Amino acid sequence: MNPRLLPLLLVLALPLAACDRGAPPPDALPDADDVAAALPSDRQPADSASALPGEFVVLTNEPFWQARVEGGEVVLSGPDVEGRRFTIDSENAAEGARVVHAGDAAGSISVTLLPGPCEDSMSGAVFPLAAELTIDGIGPTPGCARPADMPPPGEPGV
């Protein structure tokens, strides 16, 4: 072994050796149900992606996109785009999120719906859900979301 590598290997190995120090045993960790029960009712986590709405609206800032997931399609409006329609190819759930993949002749969109809440970065309006958009391979662009049948939230104090 090269003697010059020994100090480097020791420096790299030191954090690994310390990983388990002070970690509580698995039976000492709180149960997920106990953690959820301690949260106020309006902050309860969704049990799964099935608790997320099937039809919803996503809004992003800079760029200002709106994606409406409804009736088997995603309708996108935003910069230089008005009412671009994508047909939903697939939907899947992973780690409490819902991911919708859709396409049209010109490209694709992926919409990820996440448990919220989410505060609009410009208006301060609070939405019940968070989201991300990836349009034609560009993104993800973070945003906020609401169920399709819910009116848009107002700005704080309005």
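Just so we're clear, the structure is a prediction, and the values are computed from it rather than from any experiment.
- One hydrophobic cluster, built from ILVMFWY side chains closer than 4.5 Å, holds both L52 and V74.
- Residues satisfying the salt bridge (charged side-chain N to carboxylate O under 4.0 Å, His left out) test with R84, not counting sequence neighbours, are D104, D136.
- Counting all heavy atoms, side chain and backbone alike, L133 lies closest to A67 at CD2-CB, 3.8 Å.
- Contact of the V111 side chain with the F86 side chain is not registered, since no non-hydrogen atoms from C-beta on lie closer than 4.5 Å.
- Looking at V58 and V69, their side chains never come closer than 4.5 Å, going by heavy atoms from C-beta outward.
- The two residues P63 and T141 have their closest heavy-atom pair at CD-CG2, 4.3 Å.
- With T60 contributing its side chain and P142 its backbone, the two residues share no donor-acceptor pair below 3.5 Å.
- Here the closest heavy-atom approach between residue A102 and residue D89 is recorded as C-OD2, 3.6 Å.
- The side-chain heavy atoms of H101 and S108, taken from C-beta on, include no pair separated by under 4.5 Å.
- Taking hydrophobic clusters as Ile, Leu, Val, Met, Phe, Trp and Tyr residues chained together by side-chain heavy-atom distances below 4.5 Å, F56 does not share a cluster with L114.
- Linking ILVMFWY residues whenever their side-chain heavy atoms come closer than 4.5 Å, directly or via other members, places I88 and L76 in the same cluster.
- One hydrophobic cluster, built from ILVMFWY side chains closer than 4.5 Å, holds both L113 and V100.
- I109 and V81 fall within the same hydrophobic cluster, defined by Ile, Leu, Val, Met, Phe, Trp and Tyr side-chain heavy atoms under 4.5 Å apart, directly or through other members.
- With hydrogens and angles ignored, the 3.5 Å screen pairs a side-chain donor or acceptor of R98 with a backbone N or O of P53.
- In terms of the salt bridge (charged side-chain N to carboxylate O under 4.0 Å, His left out) criterion, E55 has no residue partners (sequence neighbours excluded).
- Within the 4.5 Å cutoff, no side-chain heavy atoms of F127 are placed close to those of P152.
- Contact detail for D120 and C144: the closest heavy-atom pair is N-SG, 3.8 Å.
- At a threshold of 4.5 Å between non-hydrogen side-chain atoms, the residues T134 and P140 count as touching.
- Looking at every heavy atom in both residues, S77 comes nearest to G83 through OG-N, 3.3 Å.
- Closest non-hydrogen pair, E119 versus G124, comes out as CG-O, 3.5 Å.
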